[in-house]
Amino acid sequence: MTKVYNFSAGPAILPHDVLVEAQAELLDYAGTGISILESSHRSPEYIAIHDEAVANLSELMGITDDYAVLFVQGGASQQFAQVPMNLLPSGQSADYTNSGSWAKKAIAEAKRLGSVNVIADTNDTRPTCVPDPDSLEITPDAAYVHVTSNETISGAQWKRFPECDAPLVADMSSDILSRAIDVTPFGLIFAGAQKNLGPSGLTVVVVRKDLAEAAPENIPAIFRYQTQIDAGSMYNTPPCFGVYLFMLVTRWLKGLGGVAAVENMNDEKAGRLYAAIDGTDFYRGAAAVEHRSAMNVTFNLPDEALEKRFAAESADVGLKGLKGHRSVGGLRASIYNAFPAEGVDALVAFMADFEKQNG
Ligand code: PMP
């Protein structure tokens, strides 16, 4: 069978060793005779998994006791609403940066709930890019400043974050744990798990405890971060299997040498792919060079028909999921932490062949 490389943007590739381990213990977790899928979230086995998951993330990201790590459901999309519900009191406004499709959705949701200033807008800029962190005019007394650290669809990534007095809030769904970041300027970080962390259904939230505590009392309990902080993410049944896989993924990442080690690997993989794109006029990077994502490499061919053929023929030889997002077209290679370097080499070789046949 042809070796398959999964370039899907999410749900995305998971570390092979993690899947093998999960498979091996699927029917009988740690000698209990039952699957972790069947175990109570109050069982000592699950609680050990949950605690290790929190500890691993805290270690990998350098998260201090000033923050709580929460495992919740509802995806990053729910966070678009939950963030302003908790962190945007009436009488104050929040600053949002519109860097692309996902930022735009976060803005639309926040506007339903409070006063929002869009302080930068690169959504329609081509090549795609994110705002310049140094030229933002941050509203005095803004409750927070929202950024989307990596725009999964356009393939544009913040390389540096704004420096400001207000806490930063970041949607890190598609690049969390892919590179070293200093957590301290952030009031809240959220990420749907299905790219770098585990399966869909799990959402990870890292929130500064003082901000969570100050949230209004009158929002529904399930949406109040403090509710989940008080309950150790067990106010309702957590997405246990997702947390279990997340624990294995973070354990795997620690084994690789942590975030600094994987960042080097990611830069190396992305560098090779961008070099192939830049090496010819046939391929054109969709994102501005200085904002190119190390996670989602977006590119175009001379016309749409060729892009369609590229997506179909690459899939036929086992390079799956390269078709760009339906809203923008083109091609997109998502090369998250778990994506192997040899898969990038296989794509680079395919690109050269395809150009020879069609260029
Ligand atoms: N933000 C970003 C950056 C994303 O890539 C996605 C999903 N692709 C979302 C938010 C939405 O996530 P979810 O489907 O988990 O709600």
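Counting starts at 1 for both ligands and their atoms, in listed order.
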Tabulation required: pairs of a nitrogen or oxygen in ligand 1 and a protein nitrogen or oxygen under 3.5 Å; columns are atom names and distance to 0.1 Å; otherwise 'none'.
residue, atom, partner, partner atom, Å
ligand 1, 1 (N), D171, OD2, 2.6
ligand 1, 5 (O), W102, NE1, 3.4
ligand 1, 5 (O), T152, OG1, 2.5
ligand 1, 8 (N), K195, NZ, 2.9
ligand 1, 15 (O), A76, N, 3.1
ligand 1, 15 (O), Q194, NE2, 3.0
ligand 1, 16 (O), A76, N, 3.2
ligand 1, 16 (O), S77, N, 2.9
ligand 1, 16 (O), S77, OG, 2.6

Those residues at least two apart in sequence (or on a different chain) that pass side-chain hydrogen bond (donor to acceptor under 3.5 Å, both in side chains) with N86 are none
Using the rule that Ile, Leu, Val, Met, Phe, Trp and Tyr join whenever any side-chain heavy atoms are under 4.5 Å apart, tell me whether L322 and V348 fall into a single cluster. yes
Sequence neighbours excluded, the answer for salt bridge (Lys or Arg N to Asp or Glu O under 4.0 Å) partners of R160 is D134
What pairs with N98 under side-chain hydrogen bond (donor to acceptor under 3.5 Å, both in side chains), at least two apart in sequence or on another chain? D121
Taking the six-membered ring of Y5 as reference, does the cationic atom of K3 (NZ for Lys, CZ for Arg) lie under 6.0 Å from its centre and within 45° of its axis? yes
Which atom names give the shortest non-hydrogen contact between F161 and R179, and what distance separates them? CZ-NH2, 3.6 Å
